[in-house]
Amino acid sequence: MRYVLNNRYRFRGWYKLPACILDTTTMNIRVFDIPDYKLLLKCDGAHDLNPEELSQNEQDFLNALLENNIICKAASGQLLEDHQIYHTYPVRYRKEVHWSITGACNLKCRHCFMSAPQAKHGSPSHDEIIQIADQLAECGVFHAGITGGEPLIRKDFLDIMDALIEREIRISTIYTNGWLVDETFLDELEARKIHPSFQLSYDGKGWHDYLRGIPGCETRTDKALKLLQERGYEVSVSMCLHKKNASSIRESVRHLAQYGVNYLKVGTIMELGEWANPELRSLSLSTDEALEIAAAYIPEYFEDNAPIDIMLCTAFQYEHDTETWSFYGVREIKKTQEDALACPSLKDSFYLGADGVVSPCMGMADCDLASSFPSLKNTPLREILSDSDYVKYSYATVKEVRDGNSDCRNCGYLDRCAGGCRNTAIVNGNNYYGVDPEVCVFHKHGWEKRLQTIIEPAYEAYRKRNHIADSIPESNHNS
């Protein structure tokens, strides 16, 4: 019997991840064990696979592949297409690039950590953009989140989309302030058969214009949200919290829910870039102040029947898919698990700045350590994703964080926080392996227990009111 890989899939591999197939419908990969993959590679239309010569496990494996339409019985003379033949990328696998295609913006945001109003990080030329797209394809990066600055101000934006589509790089998310989102723009996306998610900013009902620096921003954002809802796009929103808009969360959540927003992230402002101005920094909220605001709002959130999924002040999280809440700052790691990654998401993605610098996370783009990150202007992406400080940082472990600063090393909470966020640590101490002060405050000031006593009765009342099943494991509520 001869089998062949379904035309939807391709045999692919990466450095230290050699046994994969790429699903060209989703541009996601599936990873296999080496023995299974060796058998799968024989599903090329050229190999006879005699069931009598296969073990029961091998037969079961082939049957599962058939049932899931990963392989099919080969027709007479049917072989793999050229594009399906095994190809390996000599780099670490990265699912997605978070790419600033410009460092400029059409707004004057008071809190912009990368100083986009002054285009501090510049803007690559169209030729440079195309060269970068080529490098992404060469490295097997098949998803791109497009950001800025404000990416839609580029006159060649649609040409960039075409270049990515041509290279089979899926545009997963567009990060925009919404000012330039209109019917014509969405028509152009849909003509290209792309339907990315969108992330917009909304900095408080009645307060958005203040932070964005241009009158009329809130109205334009509302218009964009309404249009995206009407056209069926998935939308998430980020909200930057400060002393002036701190009382607007409930009204803002209700407002955003009317536009079908899927997810809202509410957080404080990094004291970088524009917000480094002492006058503006005086409006910053301390971690304790932000958590007080969260404690006051959480019961209201459940009273309003949890209008949208939320992450609140790097503490409380709620998702409707699982109907469970959790604490962002709680990630239990036993001593035997300290080789776990300090930030698991960094192994799947990277940030590419408008200046060509590659860093683990966008929030690190303007920190003091940014000068130590590699740049495409000096080093090809294939080298950066193979052996560089970027790779070392993206695979940092909890043990390295513990050993990297005395506070974590001597702290009794490391087994519950796993060291916290590397971006927050850098911004607040210029040490990649340093302390995340927000997570420290959460644990050392007793916020876990305090918030738990506030959340549990509000959540239980919400659950009963909405007839949510009692089968949700208790451990999920605060894990």
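Please read all numbers here as calculations on a predicted model, not as lab measurements.
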Partner of V237 under side chain to side chain contact (heavy atoms under 4.5 Å, CB included), picked from L264, V253, V266, is L264
In the structure I gave you, are the side-chain heavy atoms of [X] and [Y] within less than 4.5 Å of one another anywhere?
X	Y	answer
Y9	I71	no
Y351	M364	no
M27	I169	no
D134	R167	yes
V439	Y413	no
D339	K399	yes
C109	L211	no
S238	Y175	no

Listing, residues 369-376 side-chain donor-acceptor contacts under 3.5 Å, not counting sequence neighbours, or none:
| from | atom 1 | to | atom 2 | distance (Å) |
| --- | --- | --- | --- | --- |
| S372 | OG | L369 | O | 2.6 |
| S375 | OG | K377 | N | 3.1 |

Side-chain donor/acceptor of [X] to backbone N/O of [Y], under 3.5 Å:
X	Y	answer
D44	L5	no
R331	A342	yes
E150	T176	no
Q84	N6	yes
H195	G232	yes
S100	G103	no
E300	R250	no
E58	S55	yes
Y432	Y393	yes
R12	C20	no

Ring centres under 6.0 Å, that's the criterion: do Y89 and W14 meet it? yes
Considering non-hydrogen atoms only, spot the tightest contact between [X] and [Y] and give its length.
X	Y	value
A418	I333	CB-CG1, 3.6 Å
P344	D348	O-OD2, 4.1 Å
P18	I34	CG-CD1, 3.9 Å
S172	G145	OG-N, 3.7 Å
I129	W99	CD1-CZ2, 3.5 Å
L291	A315	CD2-CB, 3.5 Å

More than 12 non-hydrogen atoms from neighbouring residues, nucleotides or ligands closer than 6.0 Å to NZ on K38, yes or no? no
For K42, does the NZ atom sit with more than 12 other heavy atoms under 6.0 Å from it, leaving out its own atoms? no
Do [X] and [Y] have a side chain donor and acceptor closer than 3.5 Å?
X	Y	answer
N262	E234	no
T324	E319	no
Q452	E456	yes
S197	T173	yes
Q56	D60	yes
E438	T424	no
N245	D203	no

When you check the gap from the basic side-chain N to the acidic O, do [X] and [Y] get nearer than 4.0 Å?
X	Y	answer
R8	D23	yes
E292	R450	yes
E460	R463	yes

Nearest-0.5 Å distance that lies between atom [atom1] in [X] and atom [atom2] in [Y]:
X	Y	atom1	atom2	value
T24	R170	OG1	CZ	9.0 Å
F302	I455	CZ	CD1	7.0 Å
L80	N7	CG	CG	9.5 Å
E138	L381	CD	CG	8.0 Å
Y202	S248	OH	OG	8.0 Å
I384	L352	CD1	CG	8.5 Å

For the pair Y462 and Y318, evaluate side chain to side chain contact (heavy atoms under 4.5 Å, CB included) and give the outcome as yes or no after the intermediate values. CA-CA 13 Å; Y462 157 76; Y318 184 80; 3.3 Å; yes
Over 60° means perpendicular and under 30° means parallel, so tell me whether F198 and Y233 are parallel, tilted or perpendicular. perpendicular
With side chain to side chain contact (heavy atoms under 4.5 Å, CB included) as the test, would you mind laying out the steps for T147 and H98 before giving the verdict? CA-CA 7 Å; T147 186; H98 190 195; 3.6 Å; yes
With F327, the ring pair (Phe, Tyr, Trp, His ring centres under 6.0 Å) member among W447, F442, F316: F442
Between M270 and N423, does the side chain to side chain contact (heavy atoms under 4.5 Å, CB included) criterion hold? Intermediate values first, please. CA-CA 10 Å; M270 293 189 296; N423 181 64; 3.6 Å; yes
Test the R92-Y395 pair against the cation-pi criterion, namely NZ or CZ under 6.0 angstrom from the six-membered ring centroid and within 45° of the ring axis. yes
Side chain to side chain contact (heavy atoms under 4.5 Å, CB included) for I132 and V97? Distances and angles first, verdict last. CA-CA 11 Å; I132 291 170; V97 59; over 6 Å; no
